[in-house]
Amino acid sequence: MAGFLLAVFLGVQLSVPTVLVIRGDERSQRFGWQMFSKGSPATEFTVVLGSGEEVTVTPGDVLARPRGDLPLIELIPPHLCATFNGAVRILWEGDSREC
Amino acid sequence: MLTWLVNPVPTRRLGWARLVIGTAAALRALVALPVLLRLSDPEVVKAPNFAWMPQPSVVIAFVLVALWLVSAVLFATGWMNQVWGYVLFACLVFMLALDLQTYSNHLYLMALLVLFATLAGSAPGFKFGTADVSVPRWPILLMCLQVSIVYFFAAVTKINDAFLSGATLAGVLNGGVLTLPDALRTPAFMSSLALVAIVTELSLALGFWISRFRMPLWFVGAGFHLSMVALMADTAEIAVFAMLMFAVYPLYDVVHPRPAESSTEY
């Protein structure tokens with residue numbers, strides 16, 4: 001029992017962070033003990049309304065807690081399209097999404 | 001090897017660790033409440049880890065934090081440790097699983113340490129008026145290995161151009177109780193500091209296993225974590241992280257006693 005648990009523990013705790021290090025993702029990853037090793041992206045999003053008006057939104061405005069390991073581009077533009085009244089397009093860092 | 005793993009060791013230091021980890025968990029519950037409440041706001045992004053997890057709500061936030069707080073305090077006292085340890089572990093796992101935004105490395109570490117301390121049967125250690133008893137060595141070994149693994153990968157993942165240039169560190173060392181003077185925020189100084197951070201974490205990861213380095217490394221670790229608490233934002237969460245690491249430092253002597261201690265009670 002003790003030997004088995006020790007082997008499982010070492011297998012998981014050494015292999016998962018090692019794989020994540022080798023993958024070398026741009027943003028930090030969960031379960032890899034990548035503590036403060038990569039900065040948080042300072043992405044800003046611009047919501048373009050039907051009237052042509054533009055509103056700037058930062059991750060801190062719409063996240064419960066901004067973290068460096070969050071996939072901001074996957075999470076924030078769809079959310080802004082769904083919740084921003086009259087949004088027709090979301091812009092960020094030279095990219096965009098139609099609502 | 002297997003005999004060594006199950007050999008009984010005294011639990012007094014494990015009891016201290018339980019007390020510190022339980023206290024850290026109680027403090028962390030208070031840090032979690034505002035995040036959970038904000039997550040229940042319909043205007044805030046939801047990023048559930050699993051579709052079957054309940055939608056965050058005010059009720060869930062208060063129930064979870066209340067249970068978390070009570071179980072953490074009772075875990076710290078050692079009363080019915082085998083019940084409250086697992087209840088606390090379940091609360092922490094729920095928090096980790098609820099949403100991408102409720103994950104944190106510190107919380108993940110806390111969950112594992114609570115699990116190992118509960119598996120170890122940490123209840124008998126350090127209770128006033130009660131006799132110390134012995135427990136198997138292996139769960140305490142897991143706690144020490146866990147802390148070393150955290151330090152090791154924290155160091156290894158910092159070996160990248162952005163961190164070594166000092167740029168990442170300059171961004172991280174902001175918003176703390178103390179402010180790093182602007183005069184020190186030069187590329188050369190921040191880059192040197194980045195190197196010191198990596199070397200310190202590697203030393204803490206490996207050095208605790210060498211008994212003669214252990215005592216000096218207590219001071220190195222204390223200085224390292226206290227400077228993080230002072231200079232970084234999210235002070236409470238960084239302090240909780242420091243408490244978790246400090247809780248385990250004395251356990252290396254239980255797993256691998258220093259020569260002077262091998263025949264004494266600890």
Side-chain angles (χ1 to χ4, degrees), chain A residues 1-42 45 57 59-72 74-85, chain B residues 1-2 5-6 34-47 49 56 96 99-106 108-109 112 116 119 136-139 141-142 145-146 149-160 162-163 167-173 197-198 201 228 232 234 241:
Chain A
M1 170 73 170
F4 173 74
L5 282 177
L6 182 64
V8 170
F9 166 82
L10 285 176
V12 172
Q13 286 296 333
L14 292 177
S15 63
V16 172
T18 301
V19 167
L20 293 174
V21 168
I22 293 168
R23 259 179 32 181
D25 297 286
E26 197 174 324
R27 68 170 193 272
S28 57
Q29 297 293 317
R30 298 180 301 158
F31 306 109
W33 307 118
Q34 303 180 352
M35 299 160 111
F36 312 112
S37 58
K38 295 171 184 173
S40 301
F45 298 86
V57 176
D61 295 332
V62 290
L63 294 174
R65 184 142 193 259
R67 295 182 48 79
D69 53 34
L70 291 173
L72 299 182
E74 290 168 36
L75 293 175
I76 295 181
H79 175 80
L80 293 175
C81 280
T83 58
F84 230 97
N85 224 352
Chain B
M1 174 68 180
L2 280 178
L5 285 175
V6 296
V35 176
L36 287 165
L37 289 176
R38 179 149 165 76
L39 195 60
S40 64
D41 182 341
E43 299 295 314
V44 166
V45 171
K46 308 290 181 294
N49 280 299
L96 287 166
D99 193 281
L100 291 177
Q101 298 163 88
T102 56
Y103 172 88
S104 97
N105 286 308
H106 307 154
Y108 176 35
L109 173 65
L112 291 169
F116 298 150
L119 284 171
R137 188 193 308 262
W138 64 269
L141 173 66
L142 293 186
L145 284 170
Q146 185 62 69
I149 285 170
V150 169
Y151 278 134
F152 180 77
F153 282 103
V156 167
T157 53
K158 286 184 176 73
I159 304 174
N160 63 66
F163 193 87
T168 304
L169 205 52
V172 166
L173 297 181
I198 293 170
E201 285 182 325
M228 285 171 71
M232 293 171 69
D234 299 324
F241 174 51

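Note that the structure is a prediction, hence the values are computed from the model and not measured. By convention in this document, chain letters (A, B, ...) are assigned in the order of the sequence lines, proteins followed by strands, and residues within each chain are numbered from 1. Reckoned from all heavy atoms, side chains included, excluding hydrogens, waters and symmetry mates.
- For the pair B/R38 and A/G60, the tightest heavy-atom approach, listed with the atom from each and the gap, is NH2-O, 3.0 Å.
- Here the closest non-hydrogen pair linking B/Y103 and A/F31 is OH-N, 2.8 Å.
- For the set B/E201, B/K46, B/E43, B/Q146, the count of heavy-atom pairs under 4.5 angstrom toward chain A peaks at B/Q146.
- Here the shortest heavy-atom pairing between A/A64 and B/V44 reads N-CG1, 3.4 Å.
- A/V21 and B/F153 get closest at one heavy-atom pair: CG2-CD2, 4.3 Å.
- Residues meeting the salt bridge (charged side-chain N to carboxylate O under 4.0 Å, His left out) test with A/R67, sequence neighbours left out: A/D69.
- Looking at A/L63, both its backbone and its side chain come within 4.5 Å of chain B, counting heavy atoms on both sides.
- Checking each of B/L173, B/T168, B/V172 against A/F36 for a side-chain contact (heavy atoms from CB on, under 4.5 Å) leaves exactly one that passes, namely B/V172.
- Both the backbone and the side chain of B/S104 come within contact range of chain A, with heavy atoms under 4.5 Å apart.
- If you measure heavy-atom distances from A/P71 to chain B, the contacts under 4.5 Å come from the side chain alone.
- The structure places CG of B/L5 at 10.5 Å from CG of A/L5, a figure rounded to the nearest 0.5 Å.
- Looking at B/T157, the atoms closer than 4.5 Å to chain A (heavy atoms on both sides) sit in the backbone and in the side chain alike.
- With a 4.5 angstrom heavy-atom cutoff, B/P56 does not touch chain A via any of its atoms.
- Between atom CZ of residue A/F9 and atom CG of residue B/L141 there is a gap of 8.0 Å, rounded to the nearest 0.5 Å.
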